[in-house]
Amino acid sequence: MSGNERAVAVLGTGIMGSAMARNLLRSGMEVRVWNRTRQKAEPLAADGAGVAESPREAAQGAGILITMLADTAAVERAVGEGALEALAPGAVWLQMSTVGVEGTRRLQRMALERGVAYVDAPVLGTREPAEAGELVVLASGPEEVRPECEPVFEAIGRRTLWVGPVGAGTRLKLVVNAWITGLLGVLGETFALAERLGVDPSLFFEAVEGGPLDLPYARTKGKMMAEGEYPTSFSVKLARKDVGLVLEAAGDLRLPVCEAVAYHLDRAAEAGHAEDDMAALYEGVKAASR
Ligand code: NAP
């Protein structure tokens, strides 16, 4: 693959990375993709992406590197195989996976050591917003590289919040994740209680309909719980990773709600739902009471 400093390399074509790569292609950018399991990257060739054999090949001469991988270890491994060294001089690394506070420190250090500008840019939104190019980007990093980031963020998102130096985006992401996973936990328990008391879950929604407690998020996840079908937008496994990152960042601040969510997600994974949508937390709540 030839070097083109306007090319964007995307490492990780899972649910989020493949949708993001597609939107970058739609906006006319040259995009190279790499994924550990190559078959998951190959469909993007039909959209115009170059499918690389290695992270280094994807990054060769590119001006922007995007990482959208499961966790810190996956990012370290992917970029540690020569991808950072292969980028064009002055290239920018947009680290968009959710890696937490410590992960961000480690990855920023890798970038510093190799002289690559690092932008901490986790996202809000799941499969559908990613496919529609409607993510919210929580960006933080050096002011001077922001103009180069903007076209990328515009292609994948509906809004970008620049929130300060590296680390600020990740801290905001963790705060929002505490909220999202906490809501999911209480929804799973609410549904389990409804089942125990013989209350039809649709009556719960009828009771709150039209008021401030009638959340679209609860409707979407509640439908999955009611139907017992969990097509994955965000997996139990990654939701568990995210709650772990929240608890780790909280340090000695006790967060029993998040601890309970972690507990339910562990039970859901043990019951065989690790790859299912995080709404399968409900199965974990039920499994723990059997
Ligand atoms: P996903 O569909 O499960 O994809 C995970 C990606 O990570 C795949 O490309 C996978 O490669 C790769 N990977 C996992 N372990 C690896 C390893 N050890 N080495 C190399 N590659 C590895 O996950 P996703 O939902 O797209 O999430 C990606 C990131 O975005 C995560 O950090 C997640 O927390 C964050 N995020 C997700 C959502 C969401 O709603 N889905 C929303 C916001 C943020 P293989 O295909 O080979 O397994």
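Indexing begins at 1, ligand by ligand and atom by atom, following the structure's order.
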Ring geometry between Phe153 and Trp162 (parallel below 30°, tilted from 30 to 60°, perpendicular above 60°): tilted
Atom indices of ligand 1, in the order listed, that fall short of 4.0 Å to a heavy atom of Ala70: 6 (C), 7 (O), 14 (C), 31 (C), 32 (O)
Atoms in ligand 1 with a heavy atom of Thr126 nearer than 4.0 Å: 39 (C), 40 (O)
For atom 39 (C) of ligand 1, closest protein heavy-atom neighbour: Phe234 CD1, 3.2 Å
For Ser235 against Ala274, the heavy-atom pair lying closest together: CB-O, 3.7 Å
Heavy atoms from other residues, nucleotides or ligands near CZ of Arg114 exceed 12 (cutoff 6.0 Å): yes
Crowding at CD, Glu227 (>12 non-hydrogen neighbours, <6.0 Å): yes
Pair Glu30 + Arg32, salt bridge at N-O below 4.0 Å: yes
Atom 12 (C) of ligand 1: nearest protein contact (heavy atom, Å): Leu69 CD2, 3.7 Å
Ligand 1 contact on Leu124 by region, counting heavy-atom pairs under 4.0 Å: neither
Atom 26 (O) of ligand 1 [closest protein heavy-atom partner, distance rounded to 0.1 Å]: Met16 N, 2.8 Å
Tyr217 six-ring face occupied by Arg219 cation (under 6.0 Å, within 45°): no
Side-chain heavy atoms of Val101 within contact of Arg171, under 4.5 Å: yes
Atom 18 (N) of ligand 1 - nearest protein heavy atom and its distance: Arg36 NH1, 3.4 Å
NZ (Lys237) with more than 12 external heavy atoms under 6.0 Å: no
Heavy atom of the protein closest to atom 11 (O) of ligand 1 (residue, atom name, distance): Asn35 OD1, 3.7 Å
Interfacing atoms of ligand 1 (cut-off 4.0 Å, heavy-atom, Gly14): 2 (O), 4 (O), 9 (O), 26 (O)
Within-shell test, Lys237 vs ligand 1, heavy atom, strictly < 4.0 Å: no
Residues Lys173, Asp120: salt bridge by 4.0 Å N-O rule: no
Per-atom contacts, ligand 1 versus Thr13 - under 4.0 Å to a heavy atom: 9 (O)
Proximity of Glu81 to ligand 1 by residue part, where a heavy atom lies under 4.0 Å: neither
Path from Val31 to Val92 over hydrophobic side-chain contacts below 4.5 Å: yes
Nearest neighbour in protein (non-hydrogen) for atom 23 (O) of ligand 1: Leu238 CD1, 3.2 Å
Ligand 1 N/O within reach of Gly17 N/O, cut-off under 3.5 Å: no
Subset of ligand 1 atoms that lie under 4.0 Å from at least one heavy atom of Ser233: 39 (C), 40 (O), 41 (N)
Ligand 1 atoms in contact with Lys173 (distance to a heavy atom under 4.0 Å): 43 (C), 44 (C)
Nearest protein heavy atom with distance in Å, relative to atom 42 (C) of ligand 1: Gly125 O, 3.0 Å
Interfacing atoms of ligand 1 (cut-off 4.0 Å, heavy-atom, Ser97): 32 (O)
Test item: Ile66 and Leu24 side chains (from C-beta on) under 4.5 Å apart, heavy atoms: yes
Atom 45 (P) of ligand 1: nearest protein contact (heavy atom, Å): Thr37 OG1, 3.4 Å
Within 6.0 angstrom of Glu270 CD, more than 12 heavy atoms from elsewhere: yes
Part of Thr98 within contact of ligand 1 (heavy atoms, under 4.0 Å): both
Polar contact flag for Lys40 and ligand 1 (N/O pairs, less than 3.5 Å): yes
Close approach of Lys241 to ligand 1, heavy atoms, under 4.0 angstrom: yes
Check against side-chain contact (heavy atoms from CB on, under 4.5 Å), Lys221 and Asp277: CA-CA 9 Å; Lys221 298 302 184 192; Asp277 190 81; 2.9 Å; yes
